[in-house]
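Note that these values count all heavy atoms, side chains included, but never hydrogens, waters or copies made by symmetry. Proteins come first, then strands; the chains are lettered A, B, ... in the order of their sequence lines, and each starts at number 1. The shown structure was predicted, so the numbers you read here are calculated from the model rather than taken from an experiment.
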Amino acid sequence: MKNNLVELPISTRDGKFIARYSENGLAELNFPNAKAFVAPKRSKGGPIPARIKNWHRVTETALKKTLNGKKSKLPPLDWNGATEFQKSVWRQMLKISAGKTKSYGEISIAIGKPKAVRAVGGACGANPIPVLVPCHRILAANKKLGGFSGGLDWKRKLLATEGVKLTSA
DNA sequence: CCCACAAGTCGCT
DNA sequence: AGCGACTTGTGGG
């Protein structure tokens, strides 16, 4: 498997995100995780293909708008290697509009496997593109916050920005 | 209210 | 093959 991903930073008021692009589109987006943060080494000397620059521009706009609770056009997403199950889950998440939420249970029903709630949680955690693929809009059954692999702080902040009310916790 | 348990699916060891 | 993961519903103390 070739790992020719191009890394590009995106500076926002919430920190610097790292976007990774493959030949097919946006493959990964990372939170400005202060600790595990590694300075992006943009494709060793190689020039960045024009289409990637173009995607990056779209990604940057989309990310900033999303951080402001607005929806926006997304760049092509490269779900390379993902299983059909995961893609189904992520597709459902993309349908959630800003300010709205769904539960893991609702997602599992939407993909025709009402009992696969736990698997949905797993797929969520495996989501390589947080924020743009709104895994943060997925709440536990009774509108509880649930968990978030990118850090609960982010989930809270993102939901607060979108005006979502949480039942508790 | 809090704890324990089981169930469907994926990915890592 | 076994276990944990961003869960959920049920049962008991």
Sorted by number, the residues of residues 78-86 of chain A with heavy-atom contact under 4.0 Å to DNA chain B: A:Thr83, A:Phe85, A:Gln86
Trace of the side chain to side chain contact (heavy atoms under 4.5 Å, CB included) decision for A:Thr59 with A:Leu8: CA-CA 10 Å; A:Thr59 301; A:Leu8 292 173; over 6 Å; no
I'd like a table of atom pairs between the protein and nucleotides 1-3 of chain B - only N or O on both sides, under 3.5 Å - with the distance next to each one.
none

Salt bridge (charged side-chain N to carboxylate O under 4.0 Å, His left out) against A:Lys53, all qualifying residues, sequence neighbours excluded: none
Contact state string [nucleotides 5-10 of chain C, B base, S sugar-phosphate only, - no protein heavy atom under 4.0 Å]: BBBSS-
Contacts of A:Lys113 that satisfy side-chain hydrogen bond (donor to acceptor under 3.5 Å, both in side chains) - sequence neighbours left out: none
Check: A:His56 side chain, A:Leu26 main-chain N or O, donor-acceptor pair, under 3.5 Å: no
Within-4.5 Å side-chain heavy-atom neighbours: A:Arg13 and A:Asn68: yes
Interatomic distance at P, B:dC2 relative to C:dC6, whole Å: 22 Å
Report, one line per pair, each donor and acceptor closer than 3.5 Å where one atom sits in a side chain of residues 70-82 of chain A; sequence neighbours left out.
unit_1	atom_1	unit_2	atom_2	d
A:Asp78	OD1	A:Asn80	N	3.1
A:Asp78	OD2	A:Ser22	OG	2.4

Contact summary for A:Lys155 and A:Ile138, nearest pair of heavy atoms: NZ-O, 2.8 Å
Step-by-step side chain to side chain contact (heavy atoms under 4.5 Å, CB included) determination, A:Ile18 to A:Leu29: CA-CA 6 Å; A:Ile18 301 299; A:Leu29 182 67; over 6 Å; no
What pairs of donor and acceptor atoms, side-chain ones from residues 124-136 of chain A against any protein atom, are under 3.5 angstrom apart with sequence neighbours left out?
unit_1	atom_1	unit_2	atom_2	d
A:Asn127	OD1	A:Ile129	N	2.8
A:Asn127	ND2	A:Ile129	O	3.4
A:Asn127	ND2	A:Val133	O	3.2
A:His136	NE2	A:Glu162	OE2	3.4

A:Ile111 CD1 to B:dT9 P, straight-line distance once rounded to whole Å: 9 Å
Dot-bracket line, read 5' to 3' along DNA chain B, where crossing pairs take [ ] and | marks a partner on another strand, Watson-Crick or G-U under 3.5 Å: |||||||.|||||
Which protein N or O atoms sit under 3.5 Å from an N or O of nucleotides 1-3 of chain C?
none

Check: residues 97-106 of chain A side-chain donor-acceptor pairs under 3.5 Å, at least two apart:
unit_1	atom_1	unit_2	atom_2	d
A:Ser103	OG	A:Gly105	N	3.4
A:Ser103	OG	A:Glu106	N	3.1
A:Glu106	OE1	A:Ser103	N	2.9

Contacts of type side-chain hydrogen bond (donor to acceptor under 3.5 Å, both in side chains), residue A:Lys157, not counting sequence neighbours: A:Asp14
Residues which pass side-chain hydrogen bond (donor to acceptor under 3.5 Å, both in side chains) with A:Arg57, listed by chain and number, not counting sequence neighbours: A:Asn54
Parallel, tilted or perpendicular: rings of A:Phe31 and A:Phe17 (30°, 60°): tilted
